[in-house]
Number of protein chains: 2
Amino acid sequence: MTHLTMTDIARAAGVSLTTVGRVVRKSGYVSEEKRVAVERVIRETGYVPNRIARGLKSNRMNLIGHITVLNPNMLYEQISKSLNDAASREGFQTLTYTVDWERVSLEIVLDELIGHRVDGIVITSHPRLDEELLHKVITRAIPLVMIERTLALEGTDRIVVADYEGAFQAVDHLISRGHDNIAYAGKIPDHEVEKRRLEGYRQALNNAGISSGESLVYLTDNYGVEEGRQAAEVLLELNPRPTAVFMTSDLFICGFLQVCYERKLRIPEDISLVGYDNTLSMMLSPPITSIRLELSTLGGRAMDLLKTRKDNPGLPSREVQSGTALVERESVKRINYEGRG
Amino acid sequence: MTHLTMTDIARAAGVSLTTVGRVVRKSGYVSEEKRVAVERVIRETGYVPNRIARGLKSNRMNLIGHITVLNPNMLYEQISKSLNDAASREGFQTLTYTVDWERVSLEIVLDELIGHRVDGIVITSHPRLDEELLHKVITRAIPLVMIERTLALEGTDRIVVADYEGAFQAVDHLISRGHDNIAYAGKIPDHEVEKRRLEGYRQALNNAGISSGESLVYLTDNYGVEEGRQAAEVLLELNPRPTAVFMTSDLFICGFLQVCYERKLRIPEDISLVGYDNTLSMMLSPPITSIRLELSTLGGRAMDLLKTRKDNPGLPSREVQSGTALVERESVKRINYEGRG
DNA sequence: CTGAAAGCGCTAACAC
DNA sequence: GTGTTAGCGCTTTCAG
């Protein structure tokens, strides 16, 4: 049994194609009588309008393309979900592609998205964007929003996470609890995101008049549990041992915690920890204080940017900040004037 | 600048619409000369074929619909990813919808999917499926695969996780390490999935000639960290205290571990733990032995089922099992003839 | 080898 | 209020 068409419904209900159309999309005048008749036929046959045909007329399928990078982190899946929800609230569907870092794969995916005549494109945290790659999108005036790892580009919009503020908050919190020997474990600052985080750490220390020795900064080239372990191996050997560590990913926290567990170091008695991204921290033992990213509102904000730009393609490039907030849990010790972990 | 059409390309290249079509989809004979000319114009203009129009002719957009339930667990996102990958490998895109448990929301989403004329539908773990709901899908002969929480239904296929085997493996592992006082923390068995897990636990115990007192079974009505804490509060008070606990979700493990941490109970010295689903367990302290679900192959198997049914709609209903495997880590103590945690 | 022509199922003028 | 008609951009016969 194949799909019925509006013509089939029209025939069955004894009305014209147009009338069926009017009933289906609830527009225009239809007499009560015919409307009821058509609705009955639709209900009985289970007719569902063909969106492809509809899309061909209007050249719009009400689709938003979302491109995400392959990542073990739950972060990006949360962003996906937030975008899906926001989109569907406005009658859009999301076409999600997960790509690796290769230039070609992004290129292919963009072509597919354009082929689908999406009404907007969201690219989350792709680290290797360049203008040429996005040229096709721009010239077609397809609204484009980049999230987290972005590229400043005319005619496009960006949502960047307040990483500087987030890192600052984390370290400032530690300082306010009496810590002054605070280590940093993060990714090598080869991208704006990582630079901002490291800068937030340094500035918080500076503001408090605390000098940060370079040995306190442990840099790795990947976000992962194993890297967190390595950070612990190094940082815990420091003499004097830092009383606190700020790590720029909850994934690092997991690894760090494993080493502490092996060495029977207690959190926060022996060392205080603050994480970042707030994805895993609430599930760990003990629950870890972490920096929450405002992910749930991200989708809505992306949709807003997309819509306003569609209505007004000439808008200058906009950048909006996504906030961060410290979520206090049980991993930070309060140190007195005397005390030292 | 709006989208170009094949006609534009034809005009620019001085050939007919048909010839452009042949070049675009690389089918049929085109002289080298004209092909080169057309390709040049396509490259220079950045023309991208309109998939909507293409879809209207063939009534296929090469789209697979995926319906997932709202869930904090990483499990379903892994399944999504696996399906996305498998689909795109075969030239399909996935339209993913996340729904709650309401009957209507599923109904609406199914209609949207049918409207998009998807080539197949995958429903992952929806707990309230019924035949009437799926009627529209079945009568249209749209291939349908249900994953994990499924409904046996003619003309549809299912992938079920070997939960019985998984639970059995977990408990059997504990027994092989000398445990005989093994508790169970899981969700109330109001669904096949939970029944199979509990049954696996019971059977493993039975086979080993170990009696399982009902007090050893802690049942909760949700998968979550908090529920894991509650399980710990109850199970750790038992006298004698179980030497091991099998939990049917890594989420439970997280909560349980938090209580152990507070009480300064060491894993596995004081109590042994085995988790389920292998999502969080490798990140915890210590890394927890858990039952891995073969999620990465799920997408490919779903696509296979979809394809074979599309080619042969008359096929009887099929059920394939998705395997489980024990991943040994550091949360199980070996107990000697004498020993008792 | 190439092109003209007829739709796919729906929408939107435009008449009646 | 209702119906007729002309496409949307592509694919696909079918002639040349």
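A quick note: this is a predicted structure, and the numbers were derived from the prediction, not measured. When reading the values below, keep in mind they use all heavy atoms of this one structure, side chains included, and skip hydrogens, waters and symmetry mates. Below, chains carry the letters A, B, ... as their sequence lines are ordered, and counting in each starts from 1.
Atom CG in N62(A) sits about 12 Å away from atom P in dT11(C), given to the nearest Å. If you measure from atom CD of E32(A) to atom P of dT2(D), you get 11 Å, rounded to the nearest angstrom. Rounded to whole Å, atom C1' of dG9(C) lies 10 Å from atom CG of D8(A). One can place CD1 of I9(A) at 13 Å from P of dT11(C), the figure rounded to the nearest angstrom. Distance CZ (R11(A)) to P (dC10(C)): 13 Å, rounded to an integer number of Å.
Counted by atom type alone, Y76(B) and S125(B) present one or more donor-acceptor pairs between their side chains at under 3.5 Å. If you check the side chains of R149(A) and H126(A), you find no donor sitting under 3.5 Å from an acceptor.
The side chain of T19(A) contributes an N or O atom lying less than 4.0 Å from OP1 or OP2 of dG3(D).
Of the charged side-chain nitrogens involved, at least one lies within less than 4.0 Å of a carboxylate oxygen, so that E132(A) and R103(A) count as a salt-bridged pair. Under the 4.0 Å criterion applied to side-chain N and carboxylate O atoms, K81(B) and D85(B) are assigned as salt-bridge partners.
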Generate the contact string for nucleotides 7-16 of chain D. Rules: B means base contact, S means sugar-phosphate contact only, - means no protein heavy atom under 4.0 Å. BBBBBB----
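The salt bridge (charged side-chain N to carboxylate O under 4.0 Å, His left out) with D157(B) is formed by just one residue from the set K307(B), R301(B), R318(B), K310(B); it is R318(B).
A side-chain donor-acceptor contact under 3.5 Å links D119(B) to the backbone of N62(B).
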